[in-house]
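Note that these values count all heavy atoms, side chains included, but never hydrogens, waters or copies made by symmetry.
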Amino acid sequence: MNQFMKRALELAALNARDGGQPYGAVIVKENKIVAEGVNTLHKIYDISGHAELLAMRKLQEEIQTNDLSAYTMYASGEPCKMCQSAMYLAGLRDIYYSQSMEDALDHGFPEEDCLTYDKLRELAAHMKRIPLEEGQEDPMVVWENI
């Protein structure tokens, strides 16, 4: 196991000892850790407070870009679909994880917290579109013309 995965797992264990979930993440560039994160849902009551997302936010704010294609993510646990989506949008393609969602379930992690494609499809089936009213300013047109 490499040093970066060891650090992600160390962060996860520290977070679990602090009352949080057992998830940690590090982002690496040129063989150096440039950002770290742990799940903070238990502290800040932000459902998006996942280790991977928090590490990405720190780095993106520091380097002032959304493009993380030159970086590598090491996560203690298999990234959820929300985190995978964010990593995809940021251009991250080198992603490593240690423990699977099945491992998490085997250790008592709530199944409802394991976001799957089936759950996303179920949610999408409940979404309803409300189209623009006639004469209403179209934000997409505003954006397109700026």
Applying side chain to side chain contact (heavy atoms under 4.5 Å, CB included), run through Y71 and I63 and close with a yes or a no.
-> CA-CA 12 Å; Y71 297 83; I63 64 175; 3.5 Å; yes
Is [Y] close to [X] at the side-chain level, that is, under 4.5 Å between some pair of heavy atoms?
X: K6; Y: N2; value: no
X: P79; Y: Y97; value: yes
X: T40; Y: L54; value: yes
X: E102; Y: E78; value: yes
X: Y96; Y: M73; value: no

Could you tell me whether I47 atom CD1 has more than 12 heavy atoms of other residues or ligands within 6.0 Å of it?
-> no
Taking side chain to side chain contact (heavy atoms under 4.5 Å, CB included) as the definition, give me every residue that meets it alongside [X], ordered by chain and number, with sequence neighbours left out.
X: P131; value: R129
X: S48; value: D46, L53, R57, M82
X: Q136; value: L132, E133

Could you list the donor-acceptor pairs under 3.5 angstrom formed by side chains in residues 20-29, with sequence neighbours left out?
unit_1	atom_1	unit_2	atom_2	d
Q21	OE1	N39	ND2	2.8

Can you tell me if [X] uses its side chain to pair, donor with acceptor, with the backbone of [Y] under 3.5 Å?
X: Q64; Y: E61; answer: yes
X: S100; Y: D103; answer: yes
X: K43; Y: L41; answer: no

N/O donor-acceptor pairs under 3.5 Å from side chains in residues 31-38, not counting sequence neighbours:
unit_1	atom_1	unit_2	atom_2	d
E36	OE1	R7	NH2	3.0
E36	OE2	R7	NE	2.7
E36	OE2	R7	NH2	3.4

Can you measure from CG (L105) to CE (M101) and round to the nearest 0.5 angstrom?
-> 8.5 Å
Audit row: T65, Q60, side chain to side chain contact (heavy atoms under 4.5 Å, CB included) steps and yes/no | CA-CA 5 Å; T65 183; Q60 288 174 314; 5.8 Å; no
Side chain to side chain contact (heavy atoms under 4.5 Å, CB included) evaluation trace for L68 with L59 = CA-CA 9 Å; L68 300 182; L59 179 58; 3.7 Å; yes
What are the two closest non-hydrogen atoms of H126 and E122, and how far apart are they?
-> CD2-O, 2.9 Å
Show me, pair by pair, the donor-acceptor contacts under 3.5 angstrom made by side chains of residues 139-146, not counting sequence neighbours?
unit_1	atom_1	unit_2	atom_2	d
N145	ND2	V141	O	3.0

Residue from Q3, E52, M5 passing side-chain contact (heavy atoms from CB on, under 4.5 Å) with Y74 | M5
Please assess R93 against M87 for the test side chain to side chain contact (heavy atoms under 4.5 Å, CB included), listing each intermediate value before the final yes or no.
-> CA-CA 8 Å; R93 297 298 182 268; M87 287 185 261; over 6 Å; no
